Protein chains: 2
Amino acid sequence: MATLRDVAREAGVSVATASRAINGLGNVTAPTKAAVMAAVKKLNFVPHSGARSLTRRKTDTVGVILPDLFGEFFSEIIRGIDLVAHEAGMHLLLGNMHGSTHETATAIASMRGRVDGLLVMPPDLKPELLADYLDPALPTVFLNYDAGSLDLPFVAVDNYHGAYAMTEALLGRGARQVVHIAGPKHNRDARDRQRGFVDAMAKVGGVRNPAILPGDFSEESGVKAAQLLIEGQLPADAVFAANDQMAVGLIAGLAEAGKSVPGDIMVAGFDDIPLARHLSPSLSTMQVHIDRLGSTAMMMLLRVLRGETLGAASATILTPALIARGTTATSQEAFAQP
Amino acid sequence: MATLRDVAREAGVSVATASRAINGLGNVTAPTKAAVMAAVKKLNFVPHSGARSLTRRKTDTVGVILPDLFGEFFSEIIRGIDLVAHEAGMHLLLGNMHGSTHETATAIASMRGRVDGLLVMPPDLKPELLADYLDPALPTVFLNYDAGSLDLPFVAVDNYHGAYAMTEALLGRGARQVVHIAGPKHNRDARDRQRGFVDAMAKVGGVRNPAILPGDFSEESGVKAAQLLIEGQLPADAVFAANDQMAVGLIAGLAEAGKSVPGDIMVAGFDDIPLARHLSPSLSTMQVHIDRLGSTAMMMLLRVLRGETLGAASATILTPALIARGTTATSQEAFAQP
DNA sequence: TTCGCTTGTGTAACCGGTTACCATAGCGAG
DNA sequence: CTCGCTATGGTAACCGGTTACACAAGCGAA
């Protein structure tokens, strides 16, 4: 591997001159610069970024810490981040916390000196726990997370109002007995969606304690919910699942039991995963632009890195949009658009 | 930020002793080590990895260069890589070549000094072009790519035999006129699948020049293929799309035209994306364990990094499995299992 | 007591690139 | 011809951790 000293020797100049020529810092005459560049080409010199980060005190890299890397959700987030990062000439260092607090601490620690900033998406953990591990000097933006007591910028989805709107829509289509399938207990997204559902049922539907079935965001838990619904003889004319995966399982379970969707029971999900539009009937859901979650967070981080103060922009809330499809079609609509 | 010198001063020892204590290199008495560790805790010291990589000449990071980050395919690959990398305590540095040769060169160059090894997935490019940019001293494994003339280890999917098997299966189910929807012209996966199809048609079906429609792996190109098929009045009793995405579009297009699947026309895809099993009828396809593509490549890279010679294991071919589902069901099967 | 050995600790050079500061050459003005 | 300025380039310290080597202390053996 060629070093800067090699280049300098080859070009017949000092390391300082070579460095200046390469970085275009002026104080170098055209012929000198040309000689240096020729040497660079000849030796195939590429600056060693480890050494560079020592003196420059920046790495042109951002660390991304996600709870898991499974499924389209995370792939879309990474894509959104990469889109913006690439534009700004930054690299992405991936860290996986694999769900545990200890892993998260390790992941954050191991990024010291490797990154200029951090994007963190803590799914279940309390922010207070994370605070101990975060380096206050390292710019950090939270993904899909209300930073709460921590004074850090974040991007989040308005799960509460999304769930509220969907519940309202179901009621508006004539449903009286709407059942909710909840997500993991400690997941904030899941809790907010449940709150939105409960509040809408109370205020719009006039129902005090609506039925709620347990779930964990997995397809299997949707199937189980369908069984509970049928065997428990729970009266229901609509089911609102806390995410699309569960809605998919639910529909399969209902079909198994001979129930028709939306004829007997309407179904709605949340997220608008690509699969949703391809089901038959297609799944009504709340559309979350997952990639924007990533790109927005990355843009915020870039601004912090540039030294700008975010002010009011330090909290960005993305509002999901209601997508009405086949699983909530009324009989008229079903005839009009099979 | 606390440095090693700070820790040494705090513990009342020299930097050398502090370093040895932290890295557990022996030659340090228990009380001395305890004092150092106490200082580490107190100052919240984390070694600066940039500085470390200078002397150690390793970074515990592997670079991953992908053509794009879109869709489940890449997400699965990254997940597979991460699974193995995490186990080995390695980090992932993501690079996106965004399709162009120039970008690829930049991505590879910018990883100099940042990574110990490289995983590269070149979709369309010729290996000869890449060779100029690859550092021979940097261990590299190709993903989903036959390294060809380059003497580098790789993991690939046996697209040819997969396509051959699927075509054979379609013919075995009574199809006579099978049409293929091809992938992008310069994509090697697509070309191999097309070759497998053509050869199977000739050898098993006795058909010399089977009909082939153009496509580009996108859902839309599947829809277009359906239109071409109908409007061109191309006789067909089965369609084999080069990937699942196009099969999905194709099915939608056929439904639009009033054709029933598999009644009028059987359909098959390739990849087994998660969506495949959820379609109705469910999509028959060749199952590729995409995550294994990533994890296998990562395991190979780890072995190279440990100094092992791969020998025969330097070329790993993953064989896809045929998954027969609803879109290729014969009428008897359709009655038996609706 | 002194020599020799083991064991623990310190000093300083080094990895590769950056940059503050200094030295020199070249030029015009006086 | 000398002075003084600027443009250009060189020297060396530094970023933070690692490690070869030197050194000192402690112990047993002669």
Side-chain angles (χ1 to χ4, degrees), chain A residues 1-40 43-61 109-116 135 137-138, chain B residues 1-40 43-61 109-116 135 137-138:
Chain A
M1 272 308 94
T3 73
L4 185 62
R5 263 116 181 139
D6 298 331
V7 172
R9 194 180 317 118
E10 175 75 25
V13 298
S14 73
V15 286
T17 305
S19 176
R20 280 188 291 252
I22 289 169
N23 295 304
L25 292 181
N27 273 7
V28 182
T29 52
T32 307
K33 178 164 183 174
V36 172
M37 294 322 267
V40 166
L43 299 177
N44 214 337
F45 170 78
V46 181
H48 187 289
S49 43
R52 219 171 218 191
S53 76
L54 260 186
T55 45
R56 288 210 173 162
R57 292 161 168 289
K58 57 187 287 249
T59 60
D60 293 326
T61 303
S110 71
M111 289 208 169
R112 148 100 206 267
R114 285 176 198 274
V115 299
D116 297 336
D135 180 346
L138 194 64
Chain B
M1 269 309 96
T3 73
L4 185 62
R5 265 121 180 130
D6 297 332
V7 172
R9 195 180 316 120
E10 175 74 27
V13 298
S14 73
V15 286
T17 304
S19 176
R20 280 188 291 254
I22 289 169
N23 295 304
L25 292 182
N27 274 4
V28 181
T29 51
T32 308
K33 179 163 183 173
V36 172
M37 295 321 269
V40 165
L43 299 177
N44 214 337
F45 169 78
V46 181
H48 187 287
S49 43
R52 221 173 214 188
S53 78
L54 259 186
T55 46
R56 288 210 174 163
R57 293 161 165 286
K58 55 186 288 243
T59 60
D60 294 327
T61 303
S110 71
M111 288 203 171
R112 150 100 205 269
R114 285 177 198 275
V115 300
D116 297 336
D135 181 347
L138 194 64

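None of these values were measured; they are calculated from a predicted model. The sequence lines fix the lettering, A, B, ..., with proteins before strands; numbering per chain opens at 1.
The salt bridge (Lys or Arg N to Asp or Glu O under 4.0 Å) search around B:R56 returns none, not counting sequence neighbours. By the salt bridge (Lys or Arg N to Asp or Glu O under 4.0 Å) test, A:D116 is found to be paired with no residue, residues two or more places apart in sequence or in another chain being considered. With sequence neighbours excluded, the residues that form a side chain to side chain contact (heavy atoms under 4.5 Å, CB included) with B:T3 are B:R5, B:D6. Judged as a side chain to side chain donor-acceptor pair (under 3.5 Å), and not counting sequence neighbours, A:S49 has no contacts. In this structure, A:T55 has no side chain to side chain donor-acceptor pair (under 3.5 Å) partners at least two apart in sequence or on a different chain. Taking the side chain to side chain donor-acceptor pair (under 3.5 Å) definition, one finds that A:R52 meets it with A:N23, sequence neighbours left out.
Axis angle across the helix from C:dT1-D:dA30 to C:dG30-D:dC1, with five pairs used at each end and values rounded to 10°: 70°.
The stretch residues 45-57 of chain A touches DNA chain D through A:L54, A:T55, A:R57, each having a heavy atom under 4.0 angstrom from the strand.
A nucleotide of DNA chain C counts as in contact with chain B when one of its atoms lies under 4.0 Å from a heavy atom; the first and last such, 5' to 3', are C:dG8 to C:dG16.
For the pair B:P47 and A:R112, the tightest heavy-atom approach, listed with the atom from each and the gap, is O-CG, 3.7 Å. Closest approach of B:G50 to A:S53, counting heavy atoms only: CA-OG, 4.1 Å. Scanning both residues, A:V46 and B:A109, for their nearest heavy atoms gives CG1-O, 3.5 Å. Scanning all heavy atoms of the two residues, the minimum distance from A:T59 to A:G113 falls at CG2-O, 3.5 Å. When all heavy atoms of A:A18 and A:L4 are compared, the closest pair comes out as CB-CD1, 3.9 Å.
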N/O donor-acceptor pairs under 3.5 Å from side chains in residues 28-38 of chain A, not counting sequence neighbours:
{"residue": "A:T29", "atom": "OG1", "partner": "A:T32", "partner atom": "OG1", "Å": "2.7"}

So which protein N/O to nucleotides 23-27 of chain D N/O distances come out below 3.5 Å?
none

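Between the CG atom in B:L25 and the OG1 atom in B:T17 there is a gap of 11.5 Å [rounded to 0.5 Å].
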Inset, instruction - Encode nucleotides 6-11 of chain D as B, S and - characters from 5' to 3', where the letter depends on protein heavy atoms closer than 4.0 Å: B to the base, S only to sugar-phosphate, - to neither. - result: --BBBB

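The closest side-chain heavy-atom distance from A:M111 to A:D135 is not below 4.5 Å.
When heavy atoms are screened at a 4.0 angstrom cut-off, A:T3 is found touching the sugar-phosphate backbone but no base atom.
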